[in-house]
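Below: one structure, written as structure tokens.
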Amino acid sequence: MPRFTRNYTKKIGLPAGALIHLGEQKVEEPELSVISYNEAEVRQAMPKSFGEVEQYRKPEMVLWLNIDGLHDTVLIDAAGKAFGIHPLVLEDILHVGQRPKIDEFEMFVFIVLRMLSYDDACERVVEEQVSLVLGDGFVLSFQEKPGDVFAAVRERILKGQTRIRRQKADYLAYALMDAVIDNYFHVLDRIEQKMERLDEELFSDSSMETFQRIGAMKKELILLRKSTWPLREIVGSITKSEFDVIDEKTLVYFRDVHDHIIHAIDILETFRDMASSMHDTYMNYVNNRMNEIMKVLTVIATIFIPLTFIAGIYGMNFQYMPELSWRWGYFGVLGMMLVLFAAMLVYFRRKKWF
Amino acid sequence: MPRFTRNYTKKIGLPAGALIHLGEQKVEEPELSVISYNEAEVRQAMPKSFGEVEQYRKPEMVLWLNIDGLHDTVLIDAAGKAFGIHPLVLEDILHVGQRPKIDEFEMFVFIVLRMLSYDDACERVVEEQVSLVLGDGFVLSFQEKPGDVFAAVRERILKGQTRIRRQKADYLAYALMDAVIDNYFHVLDRIEQKMERLDEELFSDSSMETFQRIGAMKKELILLRKSTWPLREIVGSITKSEFDVIDEKTLVYFRDVHDHIIHAIDILETFRDMASSMHDTYMNYVNNRMNEIMKVLTVIATIFIPLTFIAGIYGMNFQYMPELSWRWGYFGVLGMMLVLFAAMLVYFRRKKWF
Amino acid sequence: MPRFTRNYTKKIGLPAGALIHLGEQKVEEPELSVISYNEAEVRQAMPKSFGEVEQYRKPEMVLWLNIDGLHDTVLIDAAGKAFGIHPLVLEDILHVGQRPKIDEFEMFVFIVLRMLSYDDACERVVEEQVSLVLGDGFVLSFQEKPGDVFAAVRERILKGQTRIRRQKADYLAYALMDAVIDNYFHVLDRIEQKMERLDEELFSDSSMETFQRIGAMKKELILLRKSTWPLREIVGSITKSEFDVIDEKTLVYFRDVHDHIIHAIDILETFRDMASSMHDTYMNYVNNRMNEIMKVLTVIATIFIPLTFIAGIYGMNFQYMPELSWRWGYFGVLGMMLVLFAAMLVYFRRKKWF
Amino acid sequence: MPRFTRNYTKKIGLPAGALIHLGEQKVEEPELSVISYNEAEVRQAMPKSFGEVEQYRKPEMVLWLNIDGLHDTVLIDAAGKAFGIHPLVLEDILHVGQRPKIDEFEMFVFIVLRMLSYDDACERVVEEQVSLVLGDGFVLSFQEKPGDVFAAVRERILKGQTRIRRQKADYLAYALMDAVIDNYFHVLDRIEQKMERLDEELFSDSSMETFQRIGAMKKELILLRKSTWPLREIVGSITKSEFDVIDEKTLVYFRDVHDHIIHAIDILETFRDMASSMHDTYMNYVNNRMNEIMKVLTVIATIFIPLTFIAGIYGMNFQYMPELSWRWGYFGVLGMMLVLFAAMLVYFRRKKWF
Amino acid sequence: MPRFTRNYTKKIGLPAGALIHLGEQKVEEPELSVISYNEAEVRQAMPKSFGEVEQYRKPEMVLWLNIDGLHDTVLIDAAGKAFGIHPLVLEDILHVGQRPKIDEFEMFVFIVLRMLSYDDACERVVEEQVSLVLGDGFVLSFQEKPGDVFAAVRERILKGQTRIRRQKADYLAYALMDAVIDNYFHVLDRIEQKMERLDEELFSDSSMETFQRIGAMKKELILLRKSTWPLREIVGSITKSEFDVIDEKTLVYFRDVHDHIIHAIDILETFRDMASSMHDTYMNYVNNRMNEIMKVLTVIATIFIPLTFIAGIYGMNFQYMPELSWRWGYFGVLGMMLVLFAAMLVYFRRKKWF
């Protein structure tokens with residue numbers, strides 16, 4: 001169980017805009033990477049300090065600054081001042097674990113996303129906060145730790161005369177959001193594999209542990225929903241062209257992202273239905289086992305208890321029991337027992353008890 | 001269980017508008033069919049390559065181009081260029097497994113539908129994506145594999161002076177959508193037959209397998225809902241005349257389609273209620289069996305355990321047990337047992353245990 | 001189980017507006033009845049063919065044409081042509097089993113209602129489609145078979161100087177709708193009586209069959225909801241004066257109908273809650289029986305199994321068992337058993353097991 | 001179970017506005033009481049017939065006419081004519097059992113409320129319809145039987161220079177509604193006491209009857225909801241100043257009533273949650289008892305069945321059974337049994353079965 | 001179980017605006033504290049009577065008056081008169097137990113919040129009403145008893161030139177609301193710890209009591225929801241700048257509070273899901289135990305009942321039973337029993353019953 005509240009309590013009582021990193025430190029040193037491009041040229045660098053960033057910011061070029069690692073609040077503060085970002089936004093960037101949201105400010109739009117990846121070792125979904133600041137001519141992206149999810153975008157920019165190089169910063173923001181959301185399908189794919197394994201297990205080898213794994217699966221799906229549903233609203237509000245920094249012409253791409261999100265939500269809901277039906281199947285399986293056990297008990301007890309009673313009768317020590325001295329008494333009783341035994345079997349068979 | 005995610009992961013990391021077919025190849029060769037008509041004349045052809053299509057496109061005539069089979073991305077790309085279709089739309093056509101949707105572009109409207117058919121062999125519903133592009137004077141339809149669902153529409157056009165020949169492309173789009181949705185009732189009909197069989201089975205021969213078949217039925221209904229509900233919104237938005245390429249006069253026909261969809265949804269929801277109540281009935285049936293079994297066990301055990309105890313008493317080997325030497329001791333005990341037996345039967349009968 | 005889909009599949013593939021009757025033929029011959037009235041005079045007739053109707057249509061008089069029986073598509077077609085009714089409307093009139101709806105056309109408003117009646121013989125609710133066409137100066141009503149639900153309205157018109165004679169066609173439409181909806185309370189009343197009987201049975205004589213009857217009751221309530229909920233919307237849209245053919249002054253009467261519908265829905269929802277709680281009560285009853293049975297089994301088994309064991313001890317044939325030769329051994333053991341028996345009884349009594 | 005439908009069926013087939021009293025007659029004779037006041041003076045009377053009322057109606061004074069008892073339709077009709085009330089409103093006043101609602105007419109506003117009181121004798125909630133007609137300078141209130149709920153308002157008017165005497169008729173309407181709604185808290189208080197008793201009973205003395213009382217409690221809460229939820233809408237629409245006869249300055253008081261209603265709804269919903277959790281607790285309690293019983297059975301049976309088997313072995317009559325002639329055979333077997341007995345006890349204790 | 005209704009019934013029948021304190025008296029003497037500040041200067045005092053307050057109210061300075069303890073209605077009345085507060089607002093301040101709400105009046109905004117704290121001794125959440133009145137240049141805050149939740153705000157004001165000193169009264173209101181809501185995370189944190197303990201207990205030591213503690217947890221979460229959900233609406237309406245006394249520039253801070261509330265709600269909903277799944281796990285655990293017990297019973301009974309029957313056979317006293325005199329009869333029977341015993345063990349093992 002992840003801790004939902006502990007980090008948050010660190011900042012109780014502090015004034016708004018106080019910069020404290022609420023997550024764990026996931027990298028040694030924050031890493032900056034800068035790309036500045038237009039259709040004609042592209043420049044890339046990995047500056048060591050924030051001072052070097054400023055030179056890449058030029059009119060007519062799109063600047064993309066990516067920061068991996070958020071524990072260095074001085075660096076974040078400097079970035080905020082250089083690009084004119086409101087302190088409350090910086091606070092939100094550092095307070096990882098935010099709900100996805102979009103906020104418009106005078107000079108920029110601030111977007112919080114949750115990046116999902118699947119940790120194959122622990123067999124569970126890992127969440128990370130990705131913050132985007134989209135201003136006039138620049139995009140800032142903040143990640144908790146380095147990841148390769150933006151690699152494809154970077155490559156497309158560097159590779160040359162593709163569509164992305166002809167477009168403005170809003171298209172870059174779209175490309176980054178698309179990269180984050182495309183990754184959801186990787187995660188959904190892994191979960192689907194897990195469900196398939198669980199589904200097989202359900203009929204071959206169901207146990208208390210199966211139940212717990214279905215429960216864990218459900219919890220994961222709930223967490224995924226919490227990351228995905230708000231996205232729908234966010235991208236939906238973009239497609240309704242509510243934001244000035246995003247151009248009309250780019251909206252068609254955001255509409256495409258919107259479709260992807262809705263598709264992901266559809267799959268998620270289907271998974272939830274499937275997890276519920278697994279739960280039902282498990283409960284039914286357990287019930288059926290119980291019934292089967294009861295049937296065996298009942299068949300055995302119901303057959304042998306009367307027979308034992310008959311044997312008990314002739315085990316009594318009365319002096320005058322005429323049957324005892326009959327020549328065929330013993331075999332007669334055995335025969336009677338056999339008939340009774342057979343009759344009961346037939347009865348139970350007809351009742352489909354075995 | 002169909003795989004919801006696998007195809008989708010193929011395209012992660014690709015830029016928007018990259019043309020990759022995400023479905024399975026269901027035909028050897030894509031098949032083109034062209035019909036061009038107005039009230040006075042009609043021309044039909046099955047061109048081998050896309051180049052031949054252009055000659056059928058004439059002002060004052062409605063062009064219907066149907067493509068069966070989507071794996072030839074070059075062909076799709078050519079069609080897109082000829083009719084001025086946005087790359088994102090082509091992407092959506094190829095990425096089968098989309099949610100039904102409607103998107104308006106400057107020159108055309110793009111509609112994604114899910115065609116349902118019932119595979120009698122596998123006893124399950126088969127889904128296929130049908131995409132329609134409705135522009136000024138033309139309708140393009142894309143299917144994954146050839147099917148006879150549009151045959152009735154084709155025939156009506158060819159047959160002659162019917163209403164469809166007097167109308168424009170928007171009426172053709174309506175006719176195609178209507179054909180797709182009418183087919184839903186075929187599928188619902190088959191499902192209803194399946195439910196009826198299941199309902200009978202429920203009381204005659206209920207088993208773990210019945211439970212699984214109810215579950216499978218429920219899953220199918222969920223899939224159907226996912227195809228049907230978005231349609232309601234789509235056609236609803238058409239009837240509110242939000243789209244320029246659809247004429248006011250055609251709206252009354254779309255309103256009719258809207259009624260059909262709502263009717264189909266109503267039936268679906270009724271089926272869902274019925275499937276739920278089947279589930280309840282099954283669970284109750286299982287519970288009742290359990291109770292019945294327990295009753296038999298209890299009746300038998302409760303009758304014979306005390307009797308066996310009495311027999312046990314007189315099977316003891318004490319030297320001084322006066323009853324043993326009584327002349328009628330044995331028969332007295334037998335009689336006592338009989339009385340006890342009868343009393344218990346009466347008691348259980350009164351309690352309605354059998 | 002009524003068949004939801006079978007009729008509908010008859011018309012798959014046909015063009016919109018094709019006139020086919022989808023219901024069963026419920027009368028030998030369709031029956032026409034015409035009433036034409038204003039405040040001063042009233043004329044009534046039962047024309048044999050449609051040709052005779054036309055003469056009753058006069059300015060300044062309200063014409064009410066009622067047709068019972070829908071299988072004669074030629075007649076319906078003639079009516080449609082005479083009153084200028086759109087072919088899609090005629091189609092809807094013939095395709096019985098429609099969802100209640102209201103559609104506005106240029107010259108008239110088309111209303112589909114579901115008439116409910118309670119078949120005392122079969123103990124179930126019977127549905128029938130009633131279609132109304134309200135135009136300028138006329139109301140057409142279509143029923144599947146003759147019924148007495150409109151008799152009260154007819155009588156009020158014929159009887160004389162009542163409010164209905166002073167009003168226009170829209171008031172007549174209101175009166176007919178009111179008659180249909182008032183009938184719902186008859187049906188609800190019968191269902192309530194059925195529920196009361198079921199409620200009594202629940203505690204006196206619960207069985208698998210009770211469960212099935214609760215289930216059947218629930219299904220009936222679902223069907224009723226499907227007829228009633230859409231009505232709320234329909235009449236609601238009327239009261240918002242969205243339709244031109246309905247006068248402002250008549251709206252207050254439709255508001256009254258609206259209240260009745262909401263009241264009926266309220267009762268329906270209460271019945272649903274009650275049916276659910278009956279289900280719960282039944283399940284609890286079954287559980288309680290099970291517990292009771294288990295208690296009896298446990299009490300009997302727990303008392304006699306140890307006693308039988310003791311008897312078994314002294315039934316062993318060891319040569320050296322000193323107790324066997326004691327003078328009071330037998331009675332001592334009997335006494336010991338009695339004490340054990342009593343102790344167990346006290347224990348179970350204290351545990352409240354019987 | 002109250003009868004929901006029976007009264008309603010009385011009026012099926014009658015035209016709108018027909019005056020029939022649908023409730024039971026709860027008083028011998030309807031009782032009229034009139035108060036006419038302004039800041040300076042107040043007059044009160046109990047007229048015997050409606051004719052005497054008219055003289056109290058004066059400009060610049062607020063007239064409050066209260067009628068207790070609704071079976072005298074002639075009286076109601078006279079009141080309607082004197083104050084210009086629409087026949088449909090009079091119908092609603094007489095058709096008790098209405099859903100709470102508010103309707104605006106040209107000259108007045110018509111409000112239906114449900115008054116709740118708790119019948120201590122029958123331990124159940126009693127409902128009564130209260131209708132208010134608020135016109136320019138007058139308020140009419142109709143109750144099914146005399147009650148003391150309006151006594152506090154009457155006293156405040158008579159007592160003297162309080163706020164109510166300075167205000168208009170709309171404030172009087174507010175005061176009456178407030179009195180009705182305040183009473184809900186009395187009822188909620190009684191229900192809470194009942195729940196507390198039930199909650200205690202749940203752990204001390206749970207039985208089938210407890211289950212039924214929880215069910216009855218739930219039904220009562222459902223009825224309460226039906227009276228309360230519509231009120232929220234009604235008073236909400238008043239606070240949005242949709243009605244002309246209610247002055248802007250009085251709205252703040254209706255806002256206060258709105259808060260009370262929402263508070264009552266909050267409490268109701270909490271009670272519903274509590275009733276549900278009582279249900280769960282009861283089910284769990286029953287399950288636990290069952291488990292406990294099964295454990296006892298299992299422990300006893302599992303211990304003694306094997307022991308009895310051993311005794312059975314040495315009760316066999318084979319001629320050659322060497323153990324039987326051993327000197328310590330009997331005591332050896334007894335010892336063995338004791339060891340087995342102890343081992344089982346330890347095993348069950350470790351499994352926490354007792 | 002807290003009493004929801006009792007206090008409320010005290011005021012039934014009283015006119016609106018009557019000042020009665022509905023809570024318990026939680027302090028000996030109400031405590032007043034005044035802070036008056038602007039960017040340049042700050043003054044603080046703890047006046048003994050309300051008369052001293054007035055001198056601190058100056059133009060260009062923000063006045064914050066905090067009152068702890070509400071039972072002195074005379075004091076509250078004086079405050080109301082001094083700041084021009086509507087009697088209904090004073091009533092709401094004294095009627096603690098209100099639902100959170102925001103009301104706008106001509107000269108001020110009135111906000112009711114619920115402050116939550118966690119009572120470590122009783123292990124439960126404690127609620128207290130906090131009322132804020134935000135007017136032009138002043139904020140009044142009313143608490144039921146002294147608490148340290150506003151201490152951080154007070155300190156920030158006194159400490160010096162921080163942002164709060166440069167802002168107006170609306171920022172102060174924000175700071176106080178933020179302090180109240182930040183405290184929710186403390187409470188959520190404690191609840192999370194409790195859930196973790198419960199989760200562990202669930203698998204180690206589940207009992208009837210665990211069930212009750214899960215139920216208590218659920219009730220607490222329901223109470224929390226009732227405090228939190230209305231806040232969302234309240235702060236949401238502030239951020240839509242519906243209130244005049246709150247400046248545009250301060251809205252960004254309220255947006256931040258809005259995010260916090262939504263985050264708290266998210267956590268709450270997650271906790272609810274977790275509590276539900278704990279409930280399921282508990283039920284499953286109980287079921288599994290039951291199954292395990294039944295299995296043991298069945299295995300033991302099914303093995304020994306047939307064996308006992310065999311022993312019973314050879315315990316019969318027939319004179320002619322040939323096996324009895326066979327030399328190896330006894331050992332043969334023992335051997336046969338052993339074989340049967342082993343066979344059953346194998347059978348059960350294969351069925352995975354132990």
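In what follows, chains are A, B, ... by sequence order, proteins preceding strands, each numbered from 1.
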message = Any non-hydrogen side-chain atom of Y330(C) less than 4.5 Å from a side-chain atom of E323(B)?
response = yes

Min side-chain heavy-atom separation D259(B)-R99(C) under 4.5 Å
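When only atoms from C-beta onward are counted, R99(C) and D259(B) do not touch, as no gap falls below 4.5 Å.
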
Rounded to the nearest 0.5 Å, how far apart are [atom1] of [X] and [atom2] of [Y]?
{"X": "M283(B)", "Y": "F211(C)", "atom1": "CE", "atom2": "CZ", "value": "10.5 Å"}
{"X": "I222(C)", "Y": "D273(B)", "atom1": "CD1", "atom2": "CG", "value": "3.5 Å"}
{"X": "K295(B)", "Y": "M290(C)", "atom1": "NZ", "atom2": "CE", "value": "10.0 Å"}

Distance under 6.0 Å and angle within 45° of the ring axis: does R255(B) meet both against F105(C)?
yes

Presence of salt bridge, E269(B) and K226(C), under 4.0 angstrom:
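Looking at E269(B) together with K226(C), the answer is no, because their closest N to O distance does not fall below 4.0 Å.
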
By salt bridge (charged side-chain N to carboxylate O under 4.0 Å, His left out), K81(C) pairs with (sequence neighbours left out) D77(C)

#### Entry: Heavy-atom proximity to chain B below 4.5 Å, by part of D92(C)
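Side chain of D92(C) only, per the 4.5 Å heavy-atom cut-off to chain B.
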
Check your understanding: Considering only heavy atoms, which portion of R327(C) lies under 4.5 Å from any heavy atom of chain B: side chain, backbone, both, or neither?
Key ->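 Answer is both: backbone and side chain atoms of R327(C) are under 4.5 Å from chain B.
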
Show me the donor-acceptor pairs within less than 3.5 Å that the side chains of residues 298-316 of chain B make with the rest of the protein, sequence neighbours left out.
residue	atom	partner	partner atom	Å
T298(B)	OG1	M294(B)	O	2.6
T302(B)	OG1	T298(B)	O	2.2
T308(B)	OG1	F304(B)	O	2.7

Between V252(B) and L88(C) the two heavy atoms that sit nearest each other are O-CD1, 3.6 Å

Less than 3.5 Å apart, any donor N or O on the side chain of K219(C) or S277(B) sitting next to an acceptor on the other?
no

